[in-house]
Every structure is written in structure tokens, then in C-alpha cells.
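Labels below follow one simple rule: chain letters A, B, ... track the order of the sequence lines, proteins then strands, and each chain is numbered from 1.
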Number of protein chains: 2
Amino acid sequence: MKDLHVTKVTLQEVAQAAGVSRATASRVLTSDPRVSPGARRAVERAASKLGYVPNHAGRALATGRSDAVALVVFEPTTLLFGDPFFPRLIRGLGDVLTSRDMQLVLLAPQTASDSDRVERYVAARHVDGALLVSLPSAHPLPGRLASRGIPLVIGGRPTEADRFNHVDVDNVAGAARAVAHLIAGGRRTIATVTGREDVPAGQDRLRGYQEGLTAAGLPADDALIEAGDFTRDGGARAMRFLLVKRPQLDAVFVASDLMAVGVLEALHQAGRRVPEDVAVVGYDDDPMAAGLQPPLSSVRQPIEEMGREMARLLLDAVHSPDRPPRKVLLTTRLEARFSSAPVASKPTGEAV
Amino acid sequence: MKDLHVTKVTLQEVAQAAGVSRATASRVLTSDPRVSPGARRAVERAASKLGYVPNHAGRALATGRSDAVALVVFEPTTLLFGDPFFPRLIRGLGDVLTSRDMQLVLLAPQTASDSDRVERYVAARHVDGALLVSLPSAHPLPGRLASRGIPLVIGGRPTEADRFNHVDVDNVAGAARAVAHLIAGGRRTIATVTGREDVPAGQDRLRGYQEGLTAAGLPADDALIEAGDFTRDGGARAMRFLLVKRPQLDAVFVASDLMAVGVLEALHQAGRRVPEDVAVVGYDDDPMAAGLQPPLSSVRQPIEEMGREMARLLLDAVHSPDRPPRKVLLTTRLEARFSSAPVASKPTGEAV
DNA sequence: CTAGAGTGTGGAACCGCTCCCAATGAAGGA
DNA sequence: TCCTTCATTGGGAGCGGTTCCACACTCTAG
């Protein structure tokens, strides 16, 4: 119960208590092998007895490193929380970072001045490097930080893709795979509800949709493409438009599960059955997807893996600052559920 | 596009470029008034031309402060995100902290070893103080940190309430108010679904429920009290028990909105109409509450205000470390919706 | 028995910044 | 005109670590 050390303990005091020099004490605490077993034991004992914790600022100043990295999320806080993407990403990051005893500092700039603050924070070497996610396209921050020589990894596809380290999910392949799945299930008139056009992931998923059709020799039809905005209502609205433009459609690929909820609602209201009349595949494999009515097929992204890969890339960049930028592309997996069951059992008029 | 300063700029270089000493340059950058206008301008110009940003470690070492505080959240990451409590809290904290140019570092220890890591992190003076929320009761961390002289503010009611600064919501009054509202609506047999017993907030809400009954002269009845566990399913289960034990109940006060969802389901399955047969009031005023069927009455907590107050308290503690612990109690507001409409318009057998 | 090769160790020089303190010069007062 | 007072300024001592370097030993190998 002795909380004697209300005053900070310094290395000097530990060294003194252990009867060695500051240098030797430091060696023990940084796991330098060049210390005799006796001295080592003495220092360790003294340190634990005094409750010594190395002062961060002192160490950082001496080593030039801070053992922390920033996760910069460009997204309204409300969206940040509530989106299952982030806990998964953070778990992945944590897997790698905690094993190296590095701290993760979460920064969520909301305004332009916040963004400046982030730049100053990172430039001040508060952290050894930065992870940037959901970066608005053409945002100046990566360039600014890079010009200060700060190690950087971007999650998603940056505007100037080869200037920066980045980890992306293969959205093109994921979307193409979803379309192939629909085609395999006997669908022929496949529409899509896209994401916002300014979001790279949305662009890629649209491209994947188109490639999927082309690969199967199906015609492209612009009237089968309708823009959503990654919201539920946007999805519903887009679906209603599609039903007006192409009533005969028999499948929809939706660029996010949240929009897919709206799509399902719109289909239900229009009296179309899912999957009997229209098959639906979403994207993200949101936890709620499996619980929807009907359970929603969805493209699952390896978010944890993305986090791990981002952390690895960043640590590499911190240790070898001159390495050229690298790019990692991760593959998706299709979770097929009832919403995209094959037309099956009603093959050309077979009697029941 | 000269990114000349890939190498860090130091104060020394700024001073040199401005033709003054390091001391004077430092004064300019710390807004010390004792600098001539000329020197000030020269330094400012040099600093911005060189893209100077003060090195954090250097400054922290010299001042003994880091201009950052930690928010320590003891909750599984998955719960952290997804719970609307946190974005609201963080917004409140941000209001106060950014105005003082302080950074918020989010730490979410999941395991005991994480918790140790947090202790080391904070003890290393990485941050000037710590904000602790959803702290398990009797957790050793606050005591440990306090004994190291680290400024602390706890959100919620800590086990040893007067040892620590804390900001709490008046859960007792909030719950009592909800019960009073039910009574005013003509209800007489009021049950409650409580939270987990080891959570102070849950205990307080139960106490408020009891006080509410007592204040109105209604009898206490233990069979009207059933423990939930803050989950939806737990709420449903508790409600089913209550219906068995006291079929004649005409109102339920539920200690969280999430549990209230389960309660509504259970009531629906049992064929009880809400609010005609049973009135329901929840707690937290979750954003979804207004969207439920029927819209759920709920006790709204001033979370943003709690964040602001916590930040203020912590900043005070950082600046005056010897001030005795303070306690702030915030009041709730009842959002009355249809789920607790008065029995009204069916007075004793009036014909339809 | 001695030169040479390791080991451990301590002294001291930083790392980048703040701030105390003494020094300077100009301005004001006697 | 000389002494104070006041506003600026620079020198230099830390802040708490890490790490280079030289030194003192001990232990082979020649």
C-alpha cells in the first residue's frame, strides 16, 4: 500500500539503487545483451521495486522513435462508430502492433482544421508513421506527410496509387465474382446499384460488375446501372428506378449491404419475391446480412487481414524508410445465402 | 513542389534563418509576449518557410507535459463501436479538448495484459492524464495510476467514489422519474428489468425504480424485479419470467433500450399490446428508440455534456494536481413516446 | 609471459526544446 | 548627466533517456 512514488522515478535513481551507472541500467532496460547477469538482476530488482517506467519523451528524444502509429480515419465520428468495418480493422492492426509493443493512436479529423491538426501532430513525430483510411480522393494529406518523410500506408486505393504504400481489397474481382455467381444461378438480366461515384471502392465494384457481364458474354446495358449513395434509402430509391426502367430484371448486385437492405424493401414493396423473382447480392458481409429476410448473399472483405497487412507495411516502412512504395491486393470471398439461390427447380415449365 | 525538408527542421535552424537565438525563436513559438515585433515576424516567416513543426518529444521533455490525454475504454472493441454512447462521449470530449489544442488518445484494453500496457503507457507520461469509462467495478487501474500521481477522471460511479474525480449521470433520479411518469399515466403494477448487478449504473437504476414506487406510496414487490444482462435476448427472457410471475403487470421500466427491444418482442409474442395493456419505458434513448414499433419512451442521458464535463475536470486536475477529487452529477431527461401513453380513453368499460 | 581479443562498465555527448538568469541597450527620472 | 527601470535578448543548464567510446579486466593463443 505504499504509494511513495507519487513522484516520477528516473533511470538515474534506478541505477543508483542498483549500484550501477545510468548507462548500464539503460542497457538492461533496452535488452542490450552486453550486461553481466549480476548487474542485470540488480537493475531489474531495483526497477520493479521502485515501480520504474521509462519516460516516453526522454526515450523518444534519444531514439528518434515514439513506438506509436496513428490511424487517421476521415469519416464523421458517428459513421466511424456503427460501421463494423472499423472494429475489424482495428482488431487486425492490433494483432500486429501489440506484438511489437506499439501503440495505436486514433485520429478522426472532421473538419479541414482538424486535418491540419493531424498533420502537425504527425509531423511533430508524435508517432512513427500513419495509417490512412477512407481518405477522400485527392486529399492533400498523404502528399504533405510524405514530403516530410513520414512513413505512410493507405487503406483503399489512393489517387496516385504508386506514390504510396497501400493495401486494398480487390473490389473488381469481388464484384465480378458476385455477378458470375448470379449468372451461374441462371440469372440473365442483372442490374446493379452502385456506390457514390467519387469513392474508389464504388468505382471498382462497378467495373467488376461490368467485367463480370462481359466475361459471360452478356450485353452491357446502362439502364441496368443506377447510382446509390451507400445509404439504405439511396438503395431503395435506386431499386425503384431500376424496376421502372427494366421491369424484367431478375437479379441485382448491390455495392453495399446497407443499400441492399433498401433494395430488399423496395423489391418487397413492388411485390417481387427474393430470390424467386429477383436474386440479390450485397457487399461487405455486414453482420446483419445473415439475419435479413431472406438472408443476404454478400461479398466478404478480409478486413482483419487488411489491418494486419497495413500494420506490417507500415512497420517495414518505419524501419526501412527508403524502400519504394508497395501495394498489397487482398481477395474477397462470396458468402452465398438464400437471397441469391438459383432459379433452379422451375426449369422451363416442369410440372410440380 | 520542393520537398526539400524530407529531413526534420529543428528550432535551431529556424532561429538561424531568422537571425535570432534559439531562445527567442522558442519564445515566439510558445507565444511568449516578451519578443519584439521585428524578431517575432522574422521567426514566424522562417518557421513557415521551412515548414517547421516543434518536435513533440523535445517539447514534452522540457515542459513535462504532453498535451494529450487518454480515453481508456474497458469494453470489447466490438461493443465500443456500435454503441452510440461512445461517439457522443467523444464528441463532448472533443469540444473541450480541441479548444485547448489537446489530443485524445483512445485506448481499449481487452485483456489483463492490455491493461498493464495501458498502465505503462500512461505512467510513461505519454499523456497528461486519463479518462476512464465503463470501468469494471473494483478494477485496480485507477488506484495504480493515482498512486503515480496521474490526473484521472472516471466516467460513471467508481467503487471508491470519493477517491477519484468522476462525472456521473443521476441514474437514480432518471429511473425514479420514469416510474413517476408511468404512475402518472395510470399504471399501478410496474415491473422492472434491471441491468447486470455488477454495473453501478444498473444498481442505481434499480434503486431509482424502487424510490419511484415508494415516493408514490406503491408497495415494493420483489417478484416485479427481474435481472436482464443488458442484451436484447436477456431483456426478452426477463420479460417472459415477469409475465409468468405477475401476469397482471401493466407497465415495465427497462434499464436499457437494447433490453427494451427484447421486452417489446416478448410482450408481442405474449399477445400483450403496448401501450394499451402494458406501458414500457427504456433507458439511454438509443437512436433506434424512436423508430421502434411502438416508438419507445426512454430516459435520455446527457452524454455529450458528460464528455465535456469529464474533459474540464481532467484539465483542471492536470493544472492543479493537488486539488481534492470532485464529483459532478448530471441530470437526465425523459423522452416520452407512444410506448408509455397513459391508459386514458378506456375508462372503466365505456362502450366502443 | 605477453600481445590480442573479447567482455562489462562508466563517462559524456547528444536528442530538441524550454526557461532561468545575466547582460545589453534604450528610455525615463532626478 | 548619471542612475534606474524596463523591454529584449542570448547563453546555458537541464528534462530523461540512449549510445559512442575509451578503459579496465579477464581469458585465450602464440
Nearest whole angstrom, please: distance from the [atom2] of [N] to the [atom1] of [X].
X: B:R22; N: D:dG10; atom1: CZ; atom2: P; result: 12 Å
X: B:L29; N: D:dT9; atom1: CG; atom2: P; result: 14 Å
X: B:L61; N: C:dC15; atom1: CG; atom2: P; result: 14 Å
X: B:H126; N: D:dC15; atom1: NE2; atom2: P; result: 21 Å
X: B:Q12; N: C:dG16; atom1: CD; atom2: P; result: 10 Å
X: A:R34; N: D:dT18; atom1: CZ; atom2: C1'; result: 11 Å
X: A:K8; N: D:dG16; atom1: NZ; atom2: P; result: 9 Å
X: B:L11; N: C:dG16; atom1: CG; atom2: P; result: 11 Å

Legend entry - B:R27 (side chain) and D:dG10 (base): donor-acceptor pair under 3.5 Å: yes
Salt bridge check, [Y] against [X]: does any charged N sit closer than 4.0 Å to a carboxylate O?
X: B:E44; Y: B:R41; answer: no
X: A:K8; Y: A:E13; answer: no
X: A:D67; Y: A:R59; answer: no

Legend entry - Nucleotide of C:dC17, C:dT9, C:dC19 approaching A:V35 most closely (side-chain heavy atoms): C:dT9
Inset, instruction - Have a look at the helix from C:dC1-D:dG30 to C:dA30-D:dT1 and give the angle its two end axes make, five pairs each, rounded to 10 degrees. - result: 50°
Legend entry - First encountered from the 5' end of DNA chain C, between A:A39 and B:N55: A:A39
Legend entry - Distance below 4.0 Å between B:S26 side-chain N/O and C:dT18 OP1 or OP2: yes
Legend entry - Nearest atoms (heavy-atom pairs only) where B:V169 meets B:P302: CG2-CD, 4.1 Å
